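Reviewing the structure listed below.
Quick caveat: nothing in here was measured; it's all calculated off a predicted structure. In what follows, every heavy atom counts, from backbone to side chain, and hydrogens, waters and symmetry copies are set aside.
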Amino acid sequence: MIVFDLLCGQAHVFEAWFGSSDDYESQRARGLIACPLCGDGGISKAVMAPAVGAKGNRAASAVSPSGRAEMLAAQRAMEAASDYVGGNFAVAARARFGDAERAKNAGDAPVRGIYGEATIDEARALAEDGIAVMPLPFTPLVRSDA
């Protein structure tokens with residue numbers, strides 16, 4: 001995983017995590033990255049400070065190998081408890097939302113979660129319709145374009 005400081009056309013700077021530089025470029029080219037503050041899709045990399053090692057008398061702040069293993073374990077657990085729907089996320093989210101409402105009203109078990117890819121316009125439309133969505137801080141391990 002790699003973190004980039006990103007800049008939107010409105011000069012908002014924010015961080016985002018990607019599996020690689022190629023993942024960032026691919027997602028940017030497909031319009032999957034937008035500013036979390038204003039929704040602007042005109043995203044570029046912001047100037048970042050280089051990663052400089054800590055002084056000998058200070059602890060390093062980078063994520064340890066065990067921390068990376070914990071993050072990967074959390075990702076795998078989330079993916080195991082959810083269904084991957086690929087680029088069909090917006091349609092699947094609308095269907096699951098209806099299923100979840102029916103299950104809630106009937107007192108049934110909760111409907112499994114889903115994850116996949118959506119454009120910023122699709123995500124915005126879902127949110128406007130009251131369907132909660134959020135970007136994942138990682139690239140799915142299972143992907144339709146892999």
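- In terms of modelled atom types and a separation under 3.5 Å, the side chain of S26 and the main chain of D22 share no donor-acceptor contact.
- Considering CZ of F97 and CG of D129, their distance stands at 8.5 Å, rounded to 0.5 Å.
- Classified by interplanar angle (parallel below 30°, tilted 30° to 60°, perpendicular above 60°), the ring pair F4/F18 is tilted.
- Between R96 and R112, some side-chain heavy-atom pair lies under the 4.5 Å cut-off.
- Annotation: the span from S21 atom OG to I2 atom CD1 amounts to 4.5 Å, rounded to 0.5 Å.
- In this structure, L32 CG and E122 CD are separated by 8.5 Å, a value rounded to the nearest 0.5 Å.
- Proximity of Y115 to D83: side-chain heavy atoms (C-beta onward) are nowhere separated by under 4.5 Å.
- Taking E15 as the reference, V3, D5 meet the side-chain contact (heavy atoms from CB on, under 4.5 Å) condition, with sequence neighbours excluded.
- The structure places OG1 of T119 at 11.0 Å from CZ of R30, a figure rounded to the nearest 0.5 Å.
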Under the side-chain contact (heavy atoms from CB on, under 4.5 Å) rule, what do V13 and L6 come out as? Steps first, then yes or no, please.
-> CA-CA 6 Å; V13 177; L6 302 179; over 6 Å; no
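- L7 and A46 make their closest contact through CB-CB, 4.0 Å (heavy atoms, listed as atom of the first residue, atom of the second, distance).
- Salt-bridge annotation for E79 and R76: absent, with no side-chain N of the basic residue lying under 4.0 Å from a carboxylate O of the acidic one.
- Here the side chains of H12 and C38 are in contact, with some heavy-atom distance below 4.5 Å.
- In the hydrophobic clustering, where aliphatic and aromatic side chains (Ile, Leu, Val, Met, Phe, Trp, Tyr) are joined below 4.5 Å either directly or transitively, V91 stands alone.
- With sequence neighbours excluded, the residues satisfying side-chain contact (heavy atoms from CB on, under 4.5 Å) with A92 are V85, I114.
- Remark: F89 CZ to L126 CG distance equals 6.5 Å, nearest 0.5 Å.
- Neither I120 nor F14 shares a network with the other; the hydrophobic side chains, linked directly or stepwise wherever heavy atoms of I, L, V, M, F, W or Y lie under 4.5 Å apart, form separate groups for each.
- Atoms CG and SG, on D40 and C8 in that order, are 4.5 Å from each other to the nearest 0.5 Å.
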